[in-house]
Amino acid sequence: MSEELLINISPMESRVAVLDNGVLGEIYIERHHKLGLVGNIYLGTVVRVLPGMQAAFVDIGQSRTAFLHVNDMQREPRPVAEKKNKAQDSTNNERTIIDAATDELAITPPVVSTQSTEVVPVTKTLIQHRLHESQRILVQVTKDQLGSKGARLTTNISLPSRYLVYLPSSEHIGISQRIDGDEERTRLKTELASLMQTVNLKGGLIARTAAERVPVDKLEEDIYYLLQLWRTICARRQEMKPNQSSELIYQELSLPLRSIRDLVHADTEKVVIDNEQIYEQVRYFAKEFVPFVYDRIVHYTAEQSLFDVHRVEDDLRDALKRRVDLKSGGYLIIDQTEAMTTIDVNTGSFVGARSLEDTVYKTNLEATHAIARQLRLRNLGGIIILDFIDMLEQQHKDDILESLQAQLTQDYAKTKITQVSELGLVEMTRKRTRESLGQQLCEPCSTCQGRGFVKTAETVCFEIFREIMRCARTYNSPKKFTVVAHAAVIDLLLTSESDTVADLEYLLGRVITFDVENLYTQEQYDIVLD
């Protein structure tokens with residue numbers, strides 16, 4: 001599989017498109033007036049502690065206070081004496097080996113000694129015993145503000161580099177689950193443990209997927225970089241002024257540099273950038289941290305837009321549509337709500353050639369490829385319900401599930417899939433750290449308020465009749481009623497509903513006139529009393 005990165009820079013925003021074999025697979029957008037918060041480290045102030053939720057709200061200088069749950073707080077080891085007594089009293093303590101860790105670090109795993117495989121016992125302290133109002137606390141953002149919810153925080157700080165993630169508050173050495181092979185995993189663990197002792201690094205490390213088969217000298221360079229970065233963060237924290245309620249201690253890299261650090265790998269054939277200044281910054285960054293991609297960075301200078309040349313703009317428009325057409329003639333319907341996202345698979349115009357079961361199977365199989373792509377492209381997260389067309393044969397159900405899992409292996413976000421239910425539904429979850437594409441680029445319709453539909457002109461007419469009746473009973477003085485409404489509603493009142501209007505005038509003994517207001521939506525109207 002060949003992959004290209006397209007970096008489009010404008011005065012308003014930065015956009016990075018990931019092309020898989022020439023097809024848009026992912027899109028990242030960062031607007032300059034609204035930068036993402038994920039990865040930023042703040043020295044915030046606790047505003048409120050909620051014992052009932054075991055959570056706290058923290059002021060980090062944003063429009064909404066951020067949310068910190070007790071499970072996302074740095075765990076406290078037991079006192080040494082207590083641990084020794086515990087060990088003497090129990091000779092059959094359970095030993096747990098933590099063998100894997102992912103690149104996504106919303107919650108740090110239990111504290112583990114690098115010298116043994118035994119988990120250090122931790123105390124479960126209530127949040128009201130650990131935090132109080134006005135307390136200052138060092139936190140990192142793990143999820144951006146989503147809708148009406150504030151950012152999600154953790155006190156388990158994690159600092160990513162090209163190959164490693166540094167965990168200052170842990171002693172765990174972990175390896176990304178995407179790295180296969182016991183020999184390579186053992187090599188990385190051994191070399192990282194040795195380097196930590198050489199450098200005298202306190203804390204833990206996780207080897208990212210990019211660390212696979214990377215020589216030890218590159219890993220050492222990353223460790224020195226992360227160590228210096230952590231020292232800088234600690235120094236800034238000490239410089240915090242007493243009268244400041246919050247301060248940004250560390251800001252994550254800009255989108256173009258972050259994409260080079262996190263998205264570029266051996267299969268990346270080219271990185272194309274259409275801005276000279278960003279091109280130079282990326283080349284300098286790549287030379288220092290990702291040297292293998294240095295010669296693959298290209299400056300795009302043609303007049304035609306970079307995204308237009310590769311049809312990214314067209315694919316971006318299609319990604320905001322509710323319907324996704326399949327090549328066979330089938331289609332998907334994608335509906336995103338506050339609680340979950342549903343994806344419905346339909347055969348559409350595809351009739352197949354052999355049997356109904358074969359037609360359904362082929363449509364569902366093609367849909368697994370489209371679903372995996374749409375999840376990445378639209379950045380859909382949370383609970384996702386997939387409504388495949390009902391299949392009779394168990395082998396077909398197993399094939400669909402296997403195909404879906406295979407397609408999701410390319411997804412950077414963590415996913416979890418259940419079995420196909422009797423109704424043909426598949427429940428899955430996908431880790432959500434930032435807004436979906438629709439939430440980033442769209443807002444609720446001002447006419448329907450996000451419902452996706454509006455009242456018919458006939459329904460509005462009947463509402464107007466009822467409102468006129470209420471006004472007539474409430475006010476005795478008006479001699480005339482003037483209805484101000486949308487053109488479609490007025491047309492209906494003057495044509496098919498004209499007999500009802502005449503009957504109402506006769507019943508009330510008052511004249512009813514009409515006035516078109518082009519700025520009104522179909523649901524808007526006013527009754528003016530004269």
Side-chain angles (χ1 to χ4, degrees), residues 30-31 33-76 104-111 122-160 167-170 230 233-234 236-252 337-340 379 381-383 413-414 429-436 439-440 443-444 450:
E30 186 175 77
R31 292 184 170 166
H33 71 282
K34 186 183 177 182
L35 298 177
L37 304 178
V38 174
N40 289 358
I41 298 175
Y42 295 86
L43 188 58
T45 302
V46 177
V47 175
R48 188 180 180 190
V49 179
L50 304 174
M53 296 177 60
Q54 282 301 292
F57 288 105
V58 182
D59 177 16
I60 58 172
Q62 301 299 312
S63 57
R64 298 185 184 92
T65 54
F67 181 82
L68 173 65
H69 193 268
V70 70
N71 290 341
D72 296 326
M73 294 188 65
Q74 181 178 329
R75 299 189 178 186
E76 298 177 340
E104 298 164 340
L105 301 167
I107 300 178
T108 301
V111 180
V122 294
T123 58
K124 295 182 179 179
T125 309
L126 298 176
I127 195 167
Q128 59 266 37
H129 298 156
R130 304 182 65 178
L131 295 179
H132 58 80
E133 292 185 10
S134 302
Q135 179 179 344
R136 290 185 174 181
I137 183 173
L138 192 69
V139 291
Q140 185 172 35
V141 179
T142 59
K143 286 186 180 181
D144 269 324
Q145 296 182 172
L146 300 174
S148 59
K149 300 177 182 178
R152 184 74 179 255
L153 302 177
T154 180
T155 61
N156 295 303
I157 306 299
S158 60
L159 300 175
L167 311 174
S169 60
S170 172
W230 178 240
I233 291 171
C234 293
R236 289 178 181 173
R237 179 181 182 178
Q238 297 300 322
E239 296 171 359
M240 175 75 174
K241 297 179 181 178
N243 59 345
Q244 287 181 270
S245 61
S246 63
E247 183 179 9
L248 176 63
I249 302 295
Y250 165 77
Q251 186 167 19
E252 181 59 295
T337 67
E338 183 74 19
M340 68 179 68
N379 192 35
I383 300 173
K414 185 179 181 181
T429 59
R430 185 174 185 270
K431 186 172 179 62
R432 174 170 54 189
T433 58
R434 56 190 173 92
E435 292 180 318
S436 68
Q439 291 170 329
Q440 274 189 300
E443 63 181 11

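- Taking CD from Gln238 and CD1 from Ile233, the interatomic distance works out to 13.0 Å, rounded to the nearest 0.5 Å.
- In plain terms, the two heavy atoms of Ile137 and Val58 that are nearest each other are CG2-CG1, 4.2 Å.
- At least one donor-acceptor pair under 3.5 Å links the side chain of Thr142 to the backbone N or O of Arg152.
- Counting heavy atoms from C-beta outward, Phe57 and Leu50 have side chains that approach closer than 4.5 Å.
- A distance of 11.0 Å separates CG of Leu153 from CG of Asn40, quoted to the nearest 0.5 Å.
- If you take CE on Met340 and OG1 on Thr429, they are separated by 12.0 Å, rounding to the nearest 0.5 Å.
- With rounding to the nearest 0.5 angstrom, the CZ atom of Phe67 is 10.0 Å from the NZ atom of Lys149.
- Heavy-atom minimum distance, Glu435 versus Gln439: CA-OE1, 3.5 Å.
- Here the shortest heavy-atom pairing between Leu43 and Arg237 reads CD1-NE, 4.0 Å.
- The CD atom of Gln251 sits 9.0 Å away from atom CG of Leu37, with the distance rounded to the nearest 0.5 Å.
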| After noting the C-alpha distance and the side-chain angles of Tyr42 and Val141, does the key distance pass the side chain to side chain contact (heavy atoms under 4.5 Å, CB included) rule? | CA-CA 8 Å; Tyr42 295 86; Val141 179; 3.7 Å; yes
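- Heavy atoms only, all atoms of each residue included: Asp144 and Arg434 are closest at OD2-CB, 4.0 Å.
- Counting non-hydrogen atoms of neighbouring residues, nucleotides and ligands closer than 6.0 angstrom, the CZ atom of Arg64 exceeds 12 such neighbours.
- In plain terms, the two heavy atoms of Ile60 and Ser246 that are nearest each other are C-OG, 3.5 Å.
- Side-chain contact between Val38 and Glu252 is absent, with no heavy atoms from C-beta onward closer than 4.5 Å.
- For the residue pair Val46 and His132, the shortest heavy atom distance occurs at CB-O, 3.4 Å.
- Within a 6.0 Å sphere centred on CZ of Arg136, other residues, nucleotides and ligands contribute more than 12 heavy atoms.
- Within the model, atoms OG1 of Thr337 and CD1 of Ile383 stand 9.0 Å from one another, a figure rounded to the nearest 0.5 Å.
- One side chain, Gln128 or Gln54, offers a donor N or O that lies under 3.5 Å from an acceptor on the other.
- Residues Asn379 and Arg430 bring a donor and an acceptor atom of their side chains to less than 3.5 Å of each other.
- Although no hydrogens or angles enter the test, the distance criterion places no donor-acceptor pair under 3.5 Å between the side chain of Thr155 and the main chain of Val139.
- Remark: side-chain polar atoms of Gln145 are not paired, donor with acceptor, to backbone N or O of Ala151 under 3.5 angstrom.
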